[in-house]
There are 2 protein chains.
Amino acid sequence: MANMQDVARLAQVSVSTVSYVLTGARPISAATREKVRAAMAELGYQPHAMARGLASRRSRILGLLLPIDERGLGATETAFVTGAATAASAAGYHLVLSPVDAGDLDGLRQLASQRMLDGVLLMEVQLDDPRVGVLRSAGVPVVLIGRTADTTGLSYVDIDFDRTVHDAVGYLADLGHRRIVYVNHSATAIAEGYGPALRSRDAFATATAGRRIEPVMIPAEDSPGGGRAALASAFDRAPDLTAVLAMNESAVFGILGGLAAHGRTVPDDVSVVSMVTSPQVAELATPALTTMTSPGTAVGRIAVEQLLRHLGAGSTDSAGSTGSTDSAEIHQQLLPCTLEVRGSTGPPPTLTPAPTGRRSAHP
Amino acid sequence: MANMQDVARLAQVSVSTVSYVLTGARPISAATREKVRAAMAELGYQPHAMARGLASRRSRILGLLLPIDERGLGATETAFVTGAATAASAAGYHLVLSPVDAGDLDGLRQLASQRMLDGVLLMEVQLDDPRVGVLRSAGVPVVLIGRTADTTGLSYVDIDFDRTVHDAVGYLADLGHRRIVYVNHSATAIAEGYGPALRSRDAFATATAGRRIEPVMIPAEDSPGGGRAALASAFDRAPDLTAVLAMNESAVFGILGGLAAHGRTVPDDVSVVSMVTSPQVAELATPALTTMTSPGTAVGRIAVEQLLRHLGAGSTDSAGSTGSTDSAEIHQQLLPCTLEVRGSTGPPPTLTPAPTGRRSAHP
DNA sequence: ATGAAAGCGCTAACAG
DNA sequence: CTGTTAGCGCTTTCAT
């Protein structure tokens with residue numbers, strides 16, 4: 001396979017010239033540039049990625065770190081991944097998928113010290129995530145997908161849970177619902193500081209308080225079974241519920257099944273909104289689910305773009321300060337989920353049989 | 001960051017000794033080995049991946065090539081990916097996710113020529129897939145996830161559609177079903193030579209012929225809507241159908257919805273079996289779907305393991321023969337989906353109201 | 001605007 | 001069993 005020497009020889013220039021036409025790091029006369037281009041084409045030359053990486057100290061490889069549990073990835077997470085992969089590829093970067101157990105800090109440190117990754121995207125971020133510290137002190141630029149509790153000096157792209165929950169509650173309340181049950185992720189996830197669970201919970205408390213609605217919140221395992229169980233206790237605590245707001249894509253199908261088992265029709269008796277959900281999943285249900293549609297691939301794409309911007313500047317700390325990467329370049333962005341009304345929502349039952357004008361029937 | 005020189009100096013040995021301790025490519029006395037180990041630990045030494053790769057001509061990076069369409073990955077494909085990532089990681093390899101459009105052969109050639117990938121896994125393989133040739137002539141070891149029509153000299157790991165369909169038809173037939181409708185992928189997918197669609201179709205034809213069942217086959221777009229449409233024509237062509245065999249994970253939910261809309265109960269009126277489906281998806285339906293459960297992560301894992309075995313031997317052709325990689329090492333494996341009976345299947349309605357012993361009630 | 005040459009950090013002959 | 005050394009293919013000063 002042809003290398004740079006071969007190209008230089010054929011084009012009758014020096015290797016450095018070839019290198020410079022490739023990188024564009026310094027002006028080359030149009031004439032020589034063409035000679036070189038021709039030579040490259042004739043030889044089918046492709047720069048050797050590792051050699052280039054070694055010399056330039058830039059691998060052009062990004063890491064996507066995610067703990068891969070047995071349950072595998074959900075549709076939303078998968079969208080993050082494909083979005084990131086596509087964006088990286090479009091920018092001429094490679095994206096390596098690194099399954100690192102959340103607890104395996106040494107493995108992470110090792111990975112970071114191999115100098116194979118120009119930067120990393122961190123998924124499944126916990127509120128207090130030790131991986132962030134490890135990565136920073138290893139001098140690897142990081143962009144979080146999700147975010148920690150303290151985001152000082154950190155770049156992240158995350159879903160705007162506040163606004164998502166707020167909008168969902170607003171939508172339901174405007175429809176006339178007053179008894180809204182919020183089904184969260186599992187108690188374990190909450191205890192472990194899983195950001196989305198905590199943030200959406202608080203947002204629900206706030207949103208309901210603002211509308212003088214009593215907040216009923218129930219945790220659920222991330223599975224249809226968990227959803228059924230959650231629904232059972234929902235009926236215990238709020239027998240008169242008219243709407244369910246699910247923060248749990250996996251549990252929501254169990255909720256639907258449970259509702260049917262309880263003899264409740266969706267949306268006539270009970271409305272259901274599924275948050276942070278992909279259209280593909282929404283369409284699986286009958287009736288199709290009204291959702292707060294997750295930004296999907298945009299999250300991964302933007303995260304990559306931001307990471308790339310960080311790389312554009314300086315990546316390694318000049319003096320090994322275990323502090324910030326480079327405070328100037330920090331980018332923090334929240335993307336909202338957007339309401340998509342499908343078939344699982346409607347006005348609450350008490351209002352349904354009361355058409356306009358009926359209210360003043362008996363003056 | 002410490003390099004090999006630093007370690008050598010501290011351990012009072014030569015760099016090559018350090019290198020050999022690391023690679024184990026030649027025997028080192030226990031004493032020196034320990035000295036070196038200690039030095040490495042003290043300095044927190046980590047070998048530089050690119051330098052190692054450049055010198056050894058092995059990147060320890062594997063590529064996972066998959067066309068990422070807008071629809072994103074299904075649960076089954078995602079399982080392949082995570083299985084591959086986990087296996088690669090376990091073997092000390094990195095896995096890069098490369099979204100290469102099926103048609104972009106030049107991009108592929110380029111990717112292959114960068115010498116960044118020691119080998120690749122090819123997903124979404126078409127019956128006649130030009131990418132295979134490109135990869136082979138670039139001298140990159142390949143293992144297919146899926147397979148082409150002609151698999152001579154190729155290693156692959158794929159689902160055993162023949163057996164899967166055979167088992168599913170057998171299960172349904174043993175239950176007493178005679179009117180079984182098979183819902184395939186889209187007509188487009190079939191026309192494009194999408195292997196799973198073609199192979200399962202043929203398998204269905206064979207399996208039904210063996211049991212003297214008339215094969216009713218219907219294509220469906222990969223979406224719930226496609227499933228509903230397919231069901232409508234199913235009722236046209238076989239109004240008396242008692243079972244649906246779905247080869248289309250996305251359409252099956254539409255089928256379920258359509259069945260309900262037609263006033264049919266599952267499984268009392270109609271049984272539904274979803275093929276090549278993950279348990280997570282199966283549980284989303286109510287009742288939970290009886291499935292031929294896809295081997296999931298095992299496919300990705302085995303594919304990586306085989307690719308790694310290929311790398312163990314010789315990877316690059318000694319004389320640029322555009323033929324086989326190394327015929328001795330070829331590995332072709334078919335993994336069956338296993339039947340998991342859940343709530344969507346039962347005997348056909350005509351048999352249901354006839355409990356055991358009723359037959360001889362009036363002798 | 002171009003060239004020459006010194007590495008990047010490691011592996012793998014080649015010598016002992 | 002260990003050391004010396006020549007690259008791997010490219011980038012990037014330093015010269016001109």
Side-chain angles (χ1 to χ4, degrees), chain A residues 1-37 39-40 43-61 92 110 113-118 311 314-316, chain B residues 1-37 39-40 43-61 92 110 113-118 311 314-316:
Chain A
M1 214 147 265
N3 67 19
M4 206 169 244
Q5 283 250 38
D6 301 330
V7 176
R9 201 150 32 217
L10 183 60
Q12 320 232 49
V13 296
S14 71
V15 279
S16 62
T17 298
V18 177
S19 173
Y20 285 120
V21 322
L22 219 50
T23 63
R26 87 179 179 193
I28 299 286
S29 76
T32 31
R33 197 182 334 164
E34 272 324 303
K35 269 198 310 190
V36 173
R37 286 252 159 80
M40 297 200 300
L43 296 174
Y45 171 74
Q46 276 297 127
H48 186 132
M50 306 249 133
R52 182 193 277 234
L54 178 58
S56 67
R57 273 145 266 266
R58 294 168 136 286
S59 64
R60 301 199 141 247
I61 301 179
Q110 215 167 305
S113 313
Q114 286 184 153
R115 260 82 107 261
M116 166 155 281
L117 271 22
D118 282 351
L311 302 186
S315 54
T316 335
Chain B
M1 217 148 264
N3 68 18
M4 205 170 246
Q5 284 249 37
D6 301 330
V7 176
R9 200 149 33 216
L10 182 59
Q12 319 231 52
V13 296
S14 72
V15 279
S16 63
T17 298
V18 177
S19 172
Y20 286 120
V21 168
L22 222 47
T23 63
R26 89 179 177 192
I28 299 286
S29 76
T32 24
R33 197 181 338 167
E34 271 326 302
K35 269 197 312 190
V36 172
R37 287 252 159 79
M40 296 199 303
L43 296 174
Y45 171 75
Q46 275 298 127
H48 190 291
M50 307 246 122
R52 186 196 277 238
L54 178 57
S56 67
R57 272 141 265 257
R58 295 168 135 285
S59 64
R60 299 198 140 249
I61 300 179
Q110 215 167 306
S113 311
Q114 287 184 145
R115 260 82 106 261
M116 165 155 281
L117 271 23
D118 283 350
L311 302 187
S315 54
T316 336

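Below, chains carry the letters A, B, ... as their sequence lines are ordered, and counting in each starts from 1.
- The distance from atom NE2 of H48(A) to atom CZ of R57(B), rounded to the nearest 0.5 Å, is 8.5 Å.
- Contact check for M1(B) versus R115(A): side-chain heavy atoms found under the 4.5 Å cut-off.
- Atom-to-atom, CE of M1(A) to P of dG9(D) comes out at 11 Å; the value is rounded to the nearest Å.
- Using a 4.0 Å cut-off on heavy atoms, the residues of residues 17-36 of chain B that approach DNA chain D are T17(B), R26(B), P27(B), I28(B), S29(B), T32(B), listed by number.
- Taken residue by residue, residues 7-14 of chain B places no heavy atom nearer than 4.0 Å to DNA chain C.
- Under the 4.5 Å side-chain criterion, counting only non-hydrogen atoms from C-beta, V18(A) is not in contact with R37(A).
- Taking atom CE of residue M116(A) and atom C1' of nucleotide dC8(C), one finds them 15 Å apart after rounding to whole Å.
- Atom OG of residue S29(B) and atom NZ of residue K35(B) lie 7.5 Å apart, to the nearest 0.5 angstrom.
- Listed nucleotides dC10(C), dG9(D), dT5(D) differ in distance to V15(B); the shortest reach to its side chain belongs to dT5(D).
- One interatomic measurement links the two molecules: CG of L54(A) to C1' of dT11(D), which rounds to 10 Å at whole-angstrom precision.
- Between the CE atom of M50(A) and the C1' atom of dG7(D) there is a distance of 17 Å, given to the nearest Å.
- Side chain of S113(B) to backbone of Q46(A): no donor-acceptor contact under 3.5 angstrom is found.
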Would D118(A) and I61(A) satisfy side-chain contact (heavy atoms from CB on, under 4.5 Å), going step by step from the backbone distance to the final call?
CA-CA 6 Å; D118(A) 282 351; I61(A) 301 179; 5.9 Å; no

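- Nearest to the side chain of M4(B), among dT11(C), dA5(C), dC10(D), sits dT11(C).
- Taken over five-pair windows at either terminus, the axes of the helix from dA1(C)-dT16(D) to dG16(C)-dC1(D) are inclined to one another by 30° (rounded to 10 degrees).
- Atoms OG1 and CD, on T32(A) and Q12(A) in that order, are 12.5 Å from each other to the nearest 0.5 Å.
- Rounded to a whole Å, the CZ atom of R115(B) is 11 Å from the C1' atom of dC10(D).
- The closest donor-acceptor contact from the side chain of N3(A) to the backbone of D6(A) lies under 3.5 Å.
- Taking atom CG of residue N3(B) and atom P of nucleotide dG7(C), one finds them 14 Å apart after rounding to whole Å.
- Taking atom CZ of R52(A) as the reference point, atom P of dT12(D) lies 10 Å away to the nearest angstrom.
- The side chain of S16(B) lies closest to dA13(C) when the candidates are dC10(C), dC8(D), dA13(C).
- Going from atom CZ of R58(B) over to atom P of dT11(C) covers 13 Å, rounded to whole Å.
- Side-chain contact annotation: S16(B) with S19(B), donor-acceptor N/O pair under 3.5 Å absent.
- Proximity of L22(A) to M40(A): side-chain heavy atoms (C-beta onward) are separated by under 4.5 Å at one or more points.
- Between A51(A) and R57(A), it is A51(A) whose nearest contact on DNA chain D lies nearer the 5' terminus.
- Of the possible polar contacts, none joining the R26(B) side chain to the G24(B) backbone as a donor-acceptor pair under 3.5 Å is found.
- When atom types are taken as modelled, the side chain of R58(A) and the backbone of G53(A) share no donor-acceptor pair closer than 3.5 angstrom.
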